[in-house]
Engineer: 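Before we start, here is the structure in question, set down as structure tokens.
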Amino acid sequence: MKIEPMQDQLQRPIRDLRISVTDRCNFRCTYCMPKEIFGDDYRFLPSEELLAFEEIVLVAEIFASLGVRKLRLTGGEPLLRSNLPSLIERLWQIDGIEDIGLTTNGLLLGRYADSLMNAGLRRVNVSLDALDPKLFGHINGRGIEPSHILDNIEYARQTGLQVKVNMVVEKGLNEQEILPMAAYFKERGIKLCFIEFMDVGNDNGWSMKKVVTKREIYQMLSSRYELEPLESNYLGEVAQRYQYKDGSAEIGFITSVSESFCSTCTRARLSSEGKIYTCLFASEGFDLRQMLRSGASRSQLTHAIRDVWESRHDRYSDERTEQTAQTRKKINMSYIGG
């Protein structure tokens, strides 16, 4: 029997599932997992509390039956999860799945690019917030220089992986890196996406005063380059897309703060410990792991997932204020995935 696709309370269909495979990360980025809070003694989830691959595949199968077509593996840093290529191989076998991506900080990408490619992965998003070695080392909290990430990006491209680079821009920290980053990746024909600094989690010291808006970034880029807008590839695409007029590369903007896109959000998130979240800025999730490990049937799991999505009315970015950003408790990105 065919299962009808889902829509939430605002008539938004589900198309995308982001799967966090681990809460651990080898970076301590200031806007995500600042080392002052996520220190060397920080207690991450023990392995038995993470969803097993079999559980992830089952959940993904159910989501696919309900309308999901795109999967993205996130973390933490997903390449810290052992045997990740084997999970990718299994996810590709799910009926209805048309695309699988992976978001990484790139530090381990050179080591795993070949096995990821062999498993069927074709796209990776690499987070890189500066080209200046001292600044990037400060942002990632580990003193890692950007040359390591850039070398791994180039190796990944040589294996055949399509690479997109994401840059979180924070005022007073790295806005001076916007033009150097644009020049570097334009020359190499690599898509670069600028992300407005967001109030994800509770620990990154977010303030509206630290946000460099899409309009400001666009003005900086336009002082040097001619840009032209591109149409969205699909309903619910997060980034606003542009290209250089000479056709050398694309530029993207993720404008969750200045120009929210809640009305077309088609994404759910499965956290590393097996909770479903229907918004990146959620305060709580639905515990699917408890159902999985207490013997719930596929039908019961399907009903629970459908109920979560069809009850959804999230539109946090539409409603965000400085006060709600400071007072609302939100799940940290290391659990919920980016």
Side-chain angles (χ1 to χ4, degrees), residues 18 21 25-27 29 70-81 83-89 91-92 97-133 136-137 139-140 142 144-169 174 177-195 221 225 227 230 233-234 237-239 241-254 337-338:
R18 307 211 167 178
V21 296
C25 190
N26 41 15
F27 278 9
C29 294
K70 297 166 65 70
L71 302 176
R72 174 164 295 280
L73 302 180
T74 70
E77 169 48 52
L79 295 182
L80 289 175
R81 182 72 185 259
N83 301 316
L84 189 65
S86 67
L87 174 62
I88 293 170
E89 288 181 345
L91 293 173
W92 265 124
I97 296 302
E98 300 169 354
D99 181 76
I100 300 177
L102 181 142
T103 298
T104 174
N105 60 34
L107 188 61
L108 300 175
L109 187 56
R111 183 186 305 177
Y112 293 113
D114 289 294
S115 56
L116 293 170
M117 186 72 182
N118 291 336
L121 191 73
R122 294 296 178 265
R123 298 189 305 106
V124 293
N125 288 4
V126 178
S127 301
L128 181 68
D129 303 313
L131 293 176
D132 178 83
F136 183 62
I139 291 174
N140 65 55
R142 297 299 198 201
I144 303 295
E145 296 193 357
S147 58
H148 296 290
I149 312 304
L150 296 172
D151 288 346
N152 286 342
I153 287 173
E154 185 54 36
Y155 181 78
R157 294 179 76 205
Q158 290 175 10
T159 68
L161 287 169
Q162 177 186 340
V163 178
K164 182 178 79 172
V165 174
N166 291 335
M167 177 187 181
V168 175
V169 184
N174 66 335
E177 291 287 296
I178 290 170
L179 289 176
M181 288 278 287
Y184 183 92
F185 291 108
K186 177 182 186 296
E187 181 181 350
R188 288 156 180 81
I190 297 174
K191 182 175 180 178
L192 174 62
C193 190
F194 297 99
I195 303 176
L221 294 168
Y225 306 109
L227 299 173
L230 296 172
N233 285 315
Y234 53 88
E237 185 171 24
V238 173
R241 299 170 57 234
Y242 292 77
Q243 69 176 2
Y244 297 103
K245 204 163 187 179
D246 62 9
S248 56
E250 280 192 28
I251 286 285
F253 300 93
I254 296 181

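Side chains are part of it too, since the values below use all heavy atoms of this structure and drop only hydrogens, waters and symmetry mates. Model, not experiment: these values are computed from the prediction.
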Engineer: Using distance only, find each side-chain donor-acceptor pair of residues 108-118 under 3.5 Å and give its atom names and separation, not counting sequence neighbours.
Structural biologist:
| residue | atom | partner | partner atom | Å |
| --- | --- | --- | --- | --- |
| D114 | OD2 | Y155 | OH | 2.3 |
| S115 | OG | Y112 | O | 3.0 |
| N118 | ND2 | D114 | O | 3.2 |

Engineer: Any side-chain heavy atom of R72 within less than 4.5 Å of one from N125?
Structural biologist: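 Sidechains of N125 and R72: in contact.
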
Engineer: Looking at every heavy atom in both P85 and A119, which two are closest together, and how far apart are they?
Structural biologist: O-CB, 3.3 Å

Engineer: Can you confirm whether L192 sits close enough to M181 that some side-chain heavy atom of one is under 4.5 Å from a side-chain heavy atom of the other?
Structural biologist: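 Yes, their side chains come closer than 4.5 Å.
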
Engineer: Would you give the length of the straight line joining atom CG of N105 to atom CD1 of I144, rounded to the nearest 0.5 angstrom?
Structural biologist: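 Taking CG in N105 and CD1 in I144, the distance rounds to 9.0 Å.
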
Engineer: Atom CG in N152, atom CZ in R157: separation rounded to 0.5 Å?
Structural biologist: 13.5 Å

Engineer: Suppose we screen for salt bridge (charged side-chain N to carboxylate O under 4.0 Å, His left out). Which residues come up paired with E177, at least two apart in sequence or across chains?
Structural biologist: none

Engineer: Could you state the interatomic distance from CD (E145) to CZ (F136), rounded to the nearest 0.5 Å?
Structural biologist: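 The CZ atom of F136 is 10.0 Å from CD of E145, to the nearest 0.5 Å.
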
Engineer: Just verifying a value: how many Å separate T74 OG1 and R18 CZ, rounded to the nearest 0.5 Å?
Structural biologist: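 These two atoms lie 8.0 Å from each other.
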
Engineer: Side chains of Y184 and I190: closer than 4.5 Å at any heavy-atom pair?
Structural biologist: no

Engineer: Examine distances only and state if a side-chain atom of N174 and a backbone atom of A130 form a donor-acceptor pair shorter than 3.5 Å.
Structural biologist: no

Engineer: Can you sort out the partners of E89 under salt bridge (charged side-chain N to carboxylate O under 4.0 Å, His left out), two or more places apart, ordered by chain and number?
Structural biologist: none

Engineer: Hey, are the side chains of L227 and Y244 touching, using non-hydrogen atoms and a 4.5 Å cut-off?
Structural biologist: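 L227 vs Y244: side chains touch.
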
Engineer: Look at the side chain of N140 and the backbone N and O of N26, then say whether any donor-acceptor pair between them is shorter than 3.5 Å.
Structural biologist: no

Engineer: Which distance, rounded to the nearest 0.5 Å, do you find between the CG of L131 and the CD1 of I149?
Structural biologist: 11.5 Å

Engineer: Where is the tightest heavy-atom contact between P146 and P133, given as atom of each residue plus distance?
Structural biologist: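 For P146 versus P133, the nearest heavy atoms are CD-CA, 3.5 Å.
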
Engineer: Only distances under 3.5 Å count here; give the side-chain donor-acceptor pairs of residues 159-166 to other protein atoms, sequence neighbours excluded, each with its distance to 0.1 Å.
Structural biologist:
| residue | atom | partner | partner atom | Å |
| --- | --- | --- | --- | --- |
| T159 | OG1 | A156 | O | 2.6 |

Engineer: Have a look at L73 and tell me which of L91, L79, T103 forms a side-chain contact (heavy atoms from CB on, under 4.5 Å) with it.
Structural biologist: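 Result for side-chain contact (heavy atoms from CB on, under 4.5 Å) with L73: L91.
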
Engineer: From M167 CE over to I254 CD1, what is the distance, rounded to the nearest 0.5 angstrom?
Structural biologist: 13.5 Å

Engineer: Not counting sequence neighbours, which residues clear side-chain contact (heavy atoms from CB on, under 4.5 Å) with Q243? List them please.
Structural biologist: E228, L230, E250

Engineer: Check the pair S127 / V168 against side-chain contact (heavy atoms from CB on, under 4.5 Å), numbers first and verdict last.
Structural biologist: CA-CA 8 Å; S127 301; V168 175; over 6 Å; no

Engineer: For a 4.5 angstrom cut-off between non-hydrogen side-chain atoms, does L221 reach Y242?
Structural biologist: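 They are not in side-chain contact.
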
Engineer: Quick check: closest heavy atoms across I97 and W92, and the distance to 0.1 Å?
Structural biologist: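 Looking at all heavy atoms of both residues, the closest pair is O-CZ3, 3.9 Å.
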
Engineer: Does anything in residues 117-132 pair up under salt bridge (charged side-chain N to carboxylate O under 4.0 Å, His left out), and if so which pairs, sequence neighbours excluded?
Structural biologist: D99-R123

Engineer: Less than 4.5 Å apart, side chain to side chain, heavy atoms only: is that true for P78 and L84?
Structural biologist: yes

